[in-house]
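Contents: one structure, followed by commentary.
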There are 2 protein chains.
Amino acid sequence: MDSPKPKMGKRAYQLFFSTLANETRLTLINILRQKPLNVTQICEVANLEQSLVSHHLKMLEHHGMVFKKKEGKFRYYTVNEKTIKPLLESIDAHMKEYCCKILAGKR
Amino acid sequence: MDSPKPKMGKRAYQLFFSTLANETRLTLINILRQKPLNVTQICEVANLEQSLVSHHLKMLEHHGMVFKKKEGKFRYYTVNEKTIKPLLESIDAHMKEYCCKILAGKR
DNA sequence: TAAATATATGAAACTTATTTCATATGAAAA
DNA sequence: TTTTCATATGAAATAAGTTTCATATATTTA
C-alpha cells in the first residue's frame with residue numbers, strides 16, 4: 001500500500017523550495033560547497049554586499065541548509081552536504097532532460 | 001577528482017526551484033500524483049479558479065514537471081513521476097531533521 | 001576604554017511573482 | 001451553424017520577495 005500523499009505539509013515544501021529559488025542564495029551555497037568561509041570572505045568571493053549576504057545566510061541557516069560556527073569575531077558558514085548533495089543530484093537528473101526546454105522560454 | 005562545482009547554470013536551478021516554490025503549484029502536483037485529471041477536474045478537486053489553474057499548469061508543463069495529453073476537448077495532465085518522486089524523497093529526508101525549526105519561525 | 005573590524009538587522013525602495021478578470025480559442029453538442 | 005463546454009491567455013491589480021541603506025551589536029586591537 002503505497003501512499004501517494006505527501007508526509008509533510010505543502011507549506012514546508014514551499015518554504016524549502018523558496019529557500020533555493022534565488023540566484024544569490026544558490027551562489028552562496030555553491031561557494032560554500034568548496035569550503036567553509038566567514039561572511040567577509042564570502043562577500044569577496046561572491047562580490048556581493050555584506051548586508052545582502054548576511055540576510056541570505058540567515059535564511060539559509062534558518063532552513064537548515066547551512067550551519068554557522070562562531071570563531072572569535074568571525075562567523076564561519078558551512079553547507080549542509082547531507083541535504084544539498086542528493087538534492088542537487090536529483091535535479092541534475094531532471095535537468096538533463098528538460099533544461100533546454102526550460103531555459104529556452106525564460107530570460 | 002570530484003568536482004564540487006555544479007554542472008548546470010545557477011539560472012537553471014533557480015528556475016527549477018521557483019517552479020516548485022509555490023503552494024498552488026504544489027497542490028496541483030499532489031493532486032496529479034494520485035491520477036491524471038483534466039483541468040476542470042483539477043479545479044474541482046483543488047477548489048481553485050480555472051484560469052489560475054491553467055496559468056500554473058502551463059508553467060509546470062513548461063518546466064517538464066507535468067505532461068499534457070489532448071483528449072477531445074479535454075486536456076489531461078499527468079505528473080512527471082520520474083522527476084517528482086526522487087525529488088520529494090530527498091526533501092522528505094531533509095525535512096525530517098529541519099522541518100520543525102523551519103516552520104517554527106514562519107507563517 | 002576608544003577605535004576598528006565583523007556581522008546582523010529593520011525598514012524603505014525596488015523587483016518579481018501571483019491572482020483575478022475579461023475575453024479569446026477550439027471542440028463538441030444541439 | 002449557433003450554443004455550450006473546456007481550456008488558454010493578456011493585462012491589470014495585488015502580493016511577496018529582494019536589495020539597499022543606515023545603523024546596531026559584538027568582538028578584538030590599540
Side-chain angles (χ1 to χ4, degrees), chain A residues 10-32 36-63 65-78 102-103 105-107, chain B residues 10-32 36-63 65-78 102-103 105-107:
Chain A
K10 258 173 302 173
R11 179 90 183 131
Y13 284 96
Q14 198 249 302
L15 287 174
F16 180 91
F17 289 120
S18 302
T19 303
L20 296 169
N22 175 280
E23 225 166 312
T24 304
R25 286 191 292 276
L26 289 171
T27 299
L28 302 184
I29 285 176
N30 279 322
I31 287 171
L32 293 176
L37 293 174
N38 67 47
V39 179
T40 305
Q41 294 173 318
I42 296 168
C43 290
E44 275 163 15
V45 176
N47 194 31
L48 291 171
E49 219 222 334
Q50 180 268 316
S51 90
L52 178 62
V53 169
S54 280
H55 277 304
H56 285 298
L57 286 172
K58 187 186 186 175
M59 193 181 313
L60 287 170
E61 198 215 355
H62 183 244
H63 289 210
M65 285 166 197
V66 304
F67 304 117
K68 173 158 63 168
K69 200 175 62 175
K70 239 180 120 155
E71 219 165 280
K73 62 178 170 177
F74 302 100
R75 299 293 179 275
Y76 280 85
Y77 283 89
T78 52
I102 292 165
L103 286 172
K106 294 273 173 169
R107 285 257 168 210
Chain B
K10 258 174 302 175
R11 181 87 184 134
Y13 285 96
Q14 197 249 303
L15 288 173
F16 180 92
F17 289 120
S18 302
T19 303
L20 297 169
N22 176 282
E23 226 166 311
T24 305
R25 284 191 292 275
L26 288 170
T27 300
L28 302 185
I29 284 175
N30 279 323
I31 288 171
L32 293 176
L37 294 174
N38 66 47
V39 179
T40 306
Q41 293 173 319
I42 296 168
C43 291
E44 275 162 16
V45 175
N47 195 32
L48 291 171
E49 217 222 335
Q50 179 268 317
S51 90
L52 178 63
V53 170
S54 280
H55 279 303
H56 284 299
L57 286 173
K58 187 186 185 174
M59 192 178 315
L60 288 170
E61 197 216 355
H62 183 243
H63 289 210
M65 285 164 193
V66 305
F67 304 116
K68 173 158 64 167
K69 201 175 59 173
K70 240 180 119 154
E71 220 166 276
K73 61 178 171 177
F74 303 101
R75 300 290 179 278
Y76 279 86
Y77 283 87
T78 51
I102 293 165
L103 285 172
K106 296 274 172 168
R107 286 255 166 218

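As a basis for the values below, the full set of heavy atoms in this structure was taken, side chains included, without hydrogen atoms, waters or symmetry mates. Letters A, B, ... are given to chains in the order of the sequence lines, protein chains preceding strands, and every chain is numbered from 1.
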Heavy-atom pair with the smallest gap, counting every atom of B:Leu57 and B:Leu32: CD2-CD1, 4.2 Å
side-chain hydrogen bond (donor to acceptor under 3.5 Å, both in side chains) partners for B:Ser51, two or more places apart: none
Selection residues 65-77 of chain A - residue pairs positive for side chain to side chain donor-acceptor pair (under 3.5 Å), sequence neighbours left out: A:Asn38-A:Tyr76
Straight-line distance of A:His55 NE2 to A:Leu60 CG, nearest 0.5 Å: 13.5 Å
Residue pair A:Leu28 / A:Val53: nearest heavy atoms and the distance that separates them: CD1-O, 4.1 Å
Touch class at under 4.0 angstrom, heavy-atom based, for B:Tyr77 against every strand present: sugar-phosphate
Nearest-0.5 Å distance, OH of residue B:Tyr13 to CG of residue A:Asn30: 7.5 Å
DNA chain C contacts made by residues 47-57 of chain B, counting heavy atoms under 4.0 Å: B:Ser51, B:Leu52, B:His55, B:His56
Taking N or O atoms only and anything under 3.5 Å, show me the protein contacts with nucleotides 24-30 of chain D, one pair per line.
from	atom 1	to	atom 2	distance (Å)
D:dT27	OP1	A:Lys70	NZ	3.0

Under 3.5 Å, which donor-acceptor pairs link side chains of residues 17-26 of chain B to any protein atom two or more places apart or in another chain?
from	atom 1	to	atom 2	distance (Å)
B:Ser18	OG	B:Gln14	O	2.6
B:Ser18	OG	B:Gln14	NE2	3.0
B:Thr19	OG1	B:Leu15	O	2.7
B:Thr19	OG1	B:His63	ND1	2.3
B:Asn22	OD1	B:Thr24	N	2.8
B:Asn22	OD1	B:Arg25	N	2.9
B:Arg25	NE	B:Thr19	O	2.6
B:Arg25	NH1	B:His56	ND1	3.0
B:Arg25	NH2	B:Ser18	O	3.0

Pairing residues for A:Gln50 by the side-chain hydrogen bond (donor to acceptor under 3.5 Å, both in side chains) criterion, not counting sequence neighbours: A:Ser54
Interface with DNA chain D, restricted to residues 18-26 of chain A and to heavy atoms under 4.0 Å: A:Asn22, A:Thr24, A:Arg25
Covered region of DNA chain C, 5' end to 3' end, by chain B [heavy atoms, under 4.0 Å]: C:dT18 to C:dA28
